Each structure stands twice: as C-alpha cells, then as structure tokens.
Amino acid sequence: MTWAFFSDVHGNREALEAVVEDFARQGVTRSFFLGDAVGYGASPNECVKIISELTAVRLLGNHDWAVLQRWSPDDFNEHARAAIFWTRNALTEEARTVLKSFAMEQTVGDFHLVHASPHKPDRWDYILDPFEAEFAFNSFTKPVCLIGHTHQPLIFRKAGKAPCSVTHIDKLMLNNDARYLVNIGSVGQPRDGDPRACYVLYDPDTRCLRYRRVKYGLSAAQERIRRANLPAFLAARLEVGR
Ligand code: ZN
C-alpha cells in the first residue's frame with residue numbers, strides 16, 4: 001500500500017500528468033490533493049478533471065477559492081490576479097461545479113490535511129518559519145499535519161514542549177517522539193529552486209514519508225501559458241523553480 005499527497009497543481013497539466021504517471025510507477029494506491037488546482041497555468045479544466053478522477057479527497061486552495069468568487073482578489077500580486085481573472089473566464093461550468101465541492105480540511109489516518117494552515121484555514125496564512133509553525137501545532141491533534149500553499153518543501157518538528165525546529169530532509173520516518181508539520185511542495189510551480197514537480201509518498205506500514213521530484217514537459221507548459229496570453233513571467237518562473 002502506498003499513498004501519495006500532492007498539492008498546488010496550478011493549471012499545469014504537463015506537470016500533473018507526469019506526476020500521475022509517476023504514481024503508477026511507484027504503485028500508489030490512494031492519493032490526496034491539498035489544494036490549488038487552478039491559477040497561474042493554462043490548463044485549469046484539464047487539471048480539475050484529472051484531480052477529480054484521481055481522488056475523492058480534494059481540498060480547496062486560495063487560488064481555487066478566489067476563482068470561485070466574483071470580487072477582485074486584491075490580496076494577490078499582479079500576476080496572480082491576472083491569472084485569477086483569466087481562469088474565471090476559461091473555467092467551464094462543469095469544472096466550476098467540481099471545484100465548489102472541494103473541502104477546506106480533512107483528516108485521514110495519522111494526518112490532518114489542509115492547504116495553508118490548520119489555524120484558521122480560510123485566512124490562508126503562510127507558514128515559513130518555526131515561529132509561524134508553533135501556532136499551527138496548537139491547531140491540530142493528529143501526529144502529522146500536511147500542508148501546501150508556500151510551494152516550499154520543508155518539515156517542522158515539535159517534540160514535547162520544546163520550540164519546534166525546521167529541516168529540509170527528503171525522507172522522514174514518523175515516530176511517536178514528535179509531531180510534524182510537513183509542507184509537501186508544489187506539483188505545478190515549485191519555488192525551491194528545483195523546477196521538477198514535487199509531491200510526497202507515504203508507506204502506512206513503515207510510516208515512511210518521502211519527497212519525490214519528477215521531470216516533466218516544462219517547455220510545453222510554458223508555451224501554453226504564452227499562447228493563452230497569461231503574464232510571460234508565469235512561464236519564465238517555471239524553468240528556474242521560483
Ligand atoms: Zn499555490
């Protein structure tokens with residue numbers, strides 16, 4: 001039995017398809033989506049469809065949420081906002097209906113799943129350092145909370161009452177000595193300097209969690225963004241992973 005957790009696809013069909021192919025190679029039996037199916041990339045409808053066929057556990061991200069609203073997403077930067085308007089226009093009624101069914105948070109086994117933070121999930125807070133993570137540890141009771149949102153794969157560890165620490169290891173054996181807050185990285189727009197799609201595998205028997213990086217047809221995804229007249233910056237950033 002192998003589980004896969006993936007997040008932040010952002011309308012990047014090429015990256016998502018490569019990751020789904022990798023699921024098959026890795027023998028993935030269950031997958032879980034942590035939010036932001038759309039926004040930035042040029043294939044929102046295809047990504048919503050693929051995700052909805054893959055898994056019943058689908059969480060809402062802040063971009064998904066913004067696309068479903070009618071007002072201007074003023075807390076987004078200029079490129080993200082342009083992509084939200086573009087996606088609203090491109091989204092089919094069918095995809096919009098599916099997106100509306102996405103949940104805010106969910107638990108499964110040892111895991112609490114949420115897009116941004118278990119502390120007030122609909123505030124879409126960014127957890128980037130141990131100080132911000134400390135708050136989050138008080139807001140879930142499971143051994144592990146998995147998040148996406150920042151597109152930065154990293155792991156916060158909390159043992160007893162000691163302040164939590166942060167690591168960038170690519171493999172984690174869960175044990176009962178500590179609790180963890182794990183950012184699973186981004187499939188469609190990694191921002192840790194590695195342009196390959198990122199997701200996390202989990203073996204419930206050994207309790208081993210590990211990151212996977214998958215090469216995909218990046219130039220095809222860039223070409224789609226340019227042809228869709230989305231901001232050129234959104235195509236350029238994919239190849240540097242920023
Ligand atoms: Zn995102």
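Note that ligands are numbered from 1 as they come in the structure, with each ligand's atoms numbered from 1 the same way. Keep in mind that this is a model prediction, so the values were computed, not measured.
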Centroid-centroid distance, Phe137 to Phe156, less than 6.0 Å: no

Polar side-chain atom of Arg237 near backbone of Arg242 as donor-acceptor pair, under 3.5 Å: yes

Candidate list Phe85, Phe76, Trp86, test ring pair (Phe, Tyr, Trp, His ring centres under 6.0 Å), partner His63, passing option: Phe76

SB check Glu46 Lys49 (cutoff 4.0 Å): no

Shell of protein N/O/S atoms around the Zn ion (ligand 1), taken as anything under 2.8 Å: Asp8 OD1, His10 NE2, Asp36 OD2, His151 NE2

Carboxylate-amine/guanidinium proximity below 4.0 Å for Asp22 and Arg196: no

Any pair counted as salt bridge (Lys or Arg N to Asp or Glu O under 4.0 Å), so long as it reaches residues 199-208, sequence neighbours left out: Asp110-Arg207

